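Everything quoted here is computed from the prediction, not taken from an experiment. Chain naming here is simple, since letters A, B, ... match the order of the sequence lines and numbering starts at 1 in each. Just so you know, these numbers use all the heavy atoms, side chains as well, and skip hydrogens, waters and symmetry mates.
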Amino acid sequence: MNVHVRLFAQAREAAGAGQIDVLGLSPEADVNELVDRLGGQCGERLHEALRAPGVRAAVNQEIVDCGYRLTDGDEVAFLPRVTGG
Amino acid sequence: MNVHVRLFAQAREAAGAGQIDVLGLSPEADVNELVDRLGGQCGERLHEALRAPGVRAAVNQEIVDCGYRLTDGDEVAFLPRVTGG
Amino acid sequence: MNSVSIQIEDFDFAGEWRALRDAVSGEAGAVVAFAGLVRDRFDDQIVRSLFLEHYPGMTERSIERIMTTASTRFGLLAVRVIHRVGELYPGDQVVLVLCAASHRAHAFEACQFVMDYLKTDAIFWKKETSATDAHWVRSTTDDQRRVERWKD
Amino acid sequence: MNSVSIQIEDFDFAGEWRALRDAVSGEAGAVVAFAGLVRDRFDDQIVRSLFLEHYPGMTERSIERIMTTASTRFGLLAVRVIHRVGELYPGDQVVLVLCAASHRAHAFEACQFVMDYLKTDAIFWKKETSATDAHWVRSTTDDQRRVERWKD
């Protein structure tokens, strides 16, 4: 299963990229598993940024919790705590 | 003693003029006397408009009470209750 | 930059906005603008036109007093008031109040303060011409009530 | 007329103003505009620039929700929000909120409501570059406190 990941602010800086394709996730992968996989793929700094307090995950632009089961082709965004407008 | 009178809103309409020169007032004339004189000069409708509740007098653009003693050359304005901006 | 203009002609909102922004650039975090427009109805009556009259000199000073009080009370960086007089029609702009401050709470409060006092203390008379009559408008008790909240 | 734009380029305040006025002409008695500008200081630090980032699609929807709530709650005739993203400098315009209503109290309240929720709920990240460092800004407790007052 493949998903498309979008990163913002501190998370984007930690990864050095705003968009990352993650390929070959297990068919039952949830958000937690994706976070660990991103840590392995992009390094500890990103892993920490995604585990920081207040970071929310959104799948296809809807906020989900970390146990949410992903589907092939999902867009998964990690939103650090927002500053607001 | 001569004064220059300015009228606004209802008072202006009652007099049919926004500015009136009142000539030959007694040297001790106060605002009250001027009001009566204007009534005599311009008619009862103006007299009533100037005696209406809330009408204030201003001499040289400063609010005064009706016993204020006038000076030759004063600009005397009658301000009906304002609507505001 | 505190200034007031009373004028017959319409105002150039964009130009006023730019001038105020340039005057406070860098220091100001917030600009609040209020524009009052002539409505086509008042108390279920169709409004045809509104005639505004003022006392040149005294009216400006009545507004300057409000602006100065607002400036001090809310720490404004700039305040600008433009008020039109003469014959106005539904949709026309009547009044513009611009307030600039470091923070938005003060800019919002100041702009409301200026408008509330303009409605009760500024020397203007308004005559409304509806479909059926023409009459001089009185300040509303609602306006009086709104101004009370600024008093300690 | 409710609409939101997120854009890199500066906005044309005058054009937006005119469009909103034309849309509500006759019915609206009040238009309140708020513009947020980049300040040259923040907590005694000199600000060199501000970088704003958003999540296209989701950010717009987060703002539309705020606008819809404000519209219903305050009976707005129109509300327009423009928010800039990218690199901004002191004096630059960041955000514009325009609210039109029949009466001024509602227009003022709605504009503050929209700004208060924009500050806490809209999906933006801001990085501030000062003379000495660069850091991602956090929503302030003051902003959190301001939004509380709208909750029953």
Which label fits D:Trp136 and D:Phe51: parallel for a plane angle under 30°, tilted from 30 to 60°, or perpendicular past 60°?
perpendicular

Parallel, tilted or perpendicular: ring planes of D:His83 versus D:Phe124, cut at 30 and 60 degrees
parallel

Name the region of D:Arg61, side chain, backbone, both or neither, that has any atom closer than 4.5 Å to a heavy atom of chain A.
side chain

Testing the 3.5 Å rule here: is there a donor-acceptor pair between the side chains of D:Arg48 and D:Thr129?
no

Just how far is it from atom CZ of A:Arg51 to atom CG of A:Leu46, taken to the nearest 0.5 Å?
11.0 Å

Given A:Arg81, A:Arg12, A:Glu62, A:Gln61, the one with more heavy-atom pairs under 4.5 angstrom with chain D than any other is A:Gln61

Heavy-atom cut-off 4.5 Å, strictly under: side chain, backbone, both or neither for A:Ile63 against chain D?
both

So which of D:Ile63, D:Leu118, D:Leu52, D:Asp121 has the largest heavy-atom pair count under 4.5 angstrom toward chain A?
D:Leu118

For A:Phe78 and A:Phe8: C-alpha separation, side-chain torsions, deciding distance, then whether ring-ring contact (aromatic ring centres under 6.0 Å, His included) applies.
CA-CA 7 Å; A:Phe78 291 96; A:Phe8 299 94; 9.8 Å; no

Chain A contact via D:Lys119 - side chain, backbone, both or neither, heavy atoms under 4.5 Å:
both

What residue in D:Thr59, D:Val81, D:Ile123, D:Val95 has the most heavy-atom pairs under 4.5 Å with chain A?
D:Ile123

